[in-house]
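What follows is a single structure, written as structure tokens, with notes after it.
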Amino acid sequence: MSTLETQGLGKTYGDFVALAPTDITVEKGEFLTLLGPSGSGKTTLLSLIAGLSEADSGRILMDGKDVTYAAPYQRDIGMMFQNYALFPHMTIAENIAFPLKMRKTSAAESARLVKEALEMVRLPHIADRYPKELSGGQQQRVALARCTIYRPSVILMDEPLGALDKKLRDQMQFEILRIHKEIGGTIVYVTHDQEEAMTMSDRICLMNHGRIAQLGTPADLYFRPQSIFVADFLGEANLINGRLVSEAGMVRLNDGSEIRVSLPRPIAQGTEVKVMLRPQNLRLAETANSDSISGKLISSSVTGASTKFFLDAPALGDKPLIATRATGLSEAAPEPGRDYRLTFDPRDAVAIPASEAA
Ligand code: ATP
């Protein structure tokens, strides 16, 4: 049985649809991330699950039980937000023990669980301090200890690392994953950081305009996007216009050349498509026999671990084509102004119907 299920769950504000009727099933122990641009409905969905706002349509089931109209504290849910939301007048131990107090846990059991929770988040010596005496990262660890101490079956996290700097965020991502493994609950996590979503999630629910654009594993979304929005949102993508001339996967580009592509699902012959090619899957070559696009090198830049090449490609139109490769001195530097062939494996060239923008 799944831990959490929404059936046709929707929310409107006046005429505005913040969340169109949405069906999601989250399995026990799963780490599901709601990802999407600002205003796409992530927080709306999370608040409905938490019971912080009321749905206009649909149902929420937890372990098969209808909790659509249950108060937040009646749902078996823990919550963690971007602003640490610790009680300033309580010590750290009192903060962490708060959910236990609400559940009338005995003082001895509570003390034991708080000690264990502080060890779990690697802050064993701060029980008697107050929140203002801790750094942002430490406060967020305490918030993590507080929302997991009573082992809720579902933990909801809304941009919990949004206020931390990059290095601390990386560390905390690792900590959250470690603790998730240790306690084994189901996590629904909201972020608009695609790298964070790819790193942490079992599955990603990518949202756009209050709807699910695609729900799947990070690899599904990255390698097999079902719309141009998904291809563009996750990582960098070259999107090349063409027409499918064979249902076996042959696309004619605007410059008249033909390339082999892969079709994640059947597309009718004659359909206008965009072929997605990730920059790291394009290699610059002097000559090529097949599966290549031509382009003139405009410029290159070393971005650190990879070097980025910008090419003028007749097949692409006015946007430059981007290719990357690992930065190193073993290969000769390509020369700006020269014509190259950009070769690729057809499995990495994914055709998406051009009409499926959303
Ligand atoms: P962000 O990443 O910026 O937090 P989000 O994906 O979480 O965005 P939501 O907060 O779910 O987006 O908002 C979805 C849409 O619903 C937005 O356009 C927002 O303006 C609108 N909205 C949210 N709450 C209300 C409200 N109380 N009244 C009216 N409109 C609202």
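Remember, it's a predicted structure, so these values are computed and weren't measured experimentally. Read the numbers this way: they start at 1 and go in the same order the structure lists the ligands and their atoms.
Annotation: His125, atom NE2; neighbour count of heavy atoms from other residues, nucleotides and ligands within 6.0 Å does not exceed 12. The environment of CZ in Arg341 is crowded: more than 12 heavy-atom neighbours from other residues, nucleotides or ligands sit within 6.0 Å.
Closest to atom 30 (N) of ligand 1, if we only count protein heavy atoms, is Tyr13 CD1, 3.4 Å. In this structure, the protein non-hydrogen atom closest to atom 2 (O) of ligand 1 is Lys42 NZ, 2.8 Å. Among protein heavy atoms, the minimum distance from atom 21 (C) of ligand 1 is reached at Phe16 CE2, 3.7 Å.
Ring geometry for Phe31 versus His180: interplanar angle over 60°, hence perpendicular rather than tilted (30 to 60°).
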Evaluate side chain to side chain contact (heavy atoms under 4.5 Å, CB included) for His192 paired with Glu159, printing each intermediate quantity in order. CA-CA 8 Å; His192 62 258; Glu159 304 253 8; 2.8 Å; yes
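Judged by distance alone, the side chains of Thr191 and Asp193 never bring a donor and an acceptor atom under 3.5 Å apart.
Remark: among candidates Ser38, Ser40, Ala18, the nearest residue to atom 1 (P) of ligand 1 is Ser38, based on non-hydrogen atoms. In this comparison of Ser53, Gly14, Gly39, the heavy atom closest to atom 14 (C) of ligand 1 sits on Gly39. Counting only non-hydrogen atoms, the option in Thr43, Val190, Leu48, Thr44 that gets closest to atom 7 (O) of ligand 1 is Thr43.
In this structure, Arg338 satisfies the cation-pi test against Tyr340, with its NZ or CZ atom closer than 6.0 Å to the six-membered ring centre and inside 45 degrees of the ring normal.
Checking atom 19 (C) of ligand 1 against the protein gives no heavy-atom contact under 4.0 Å.
For ligand 1 and Pro37, the ligand atoms under 4.0 Å from any heavy atom of the residue are 6 (O).
Any N or O atom pair closer than 3.5 Å counts here, and Gly36 shares no such pair with ligand 1. For ligand 1, none of its N or O atoms has an N or O atom of Glu159 under 3.5 Å away.
Note on ligand 1: Gly210 sits outside its first shell, no heavy atom being nearer than 4.0 Å.
Contact annotation: the side chain of Ile60 approaches that of Leu4 to within less than 4.5 Å [non-hydrogen atoms, C-beta and beyond].
No option in Val350, Leu239, Ile259, Leu244 other than Ile259 meets the side chain to side chain contact (heavy atoms under 4.5 Å, CB included) test with Val275.
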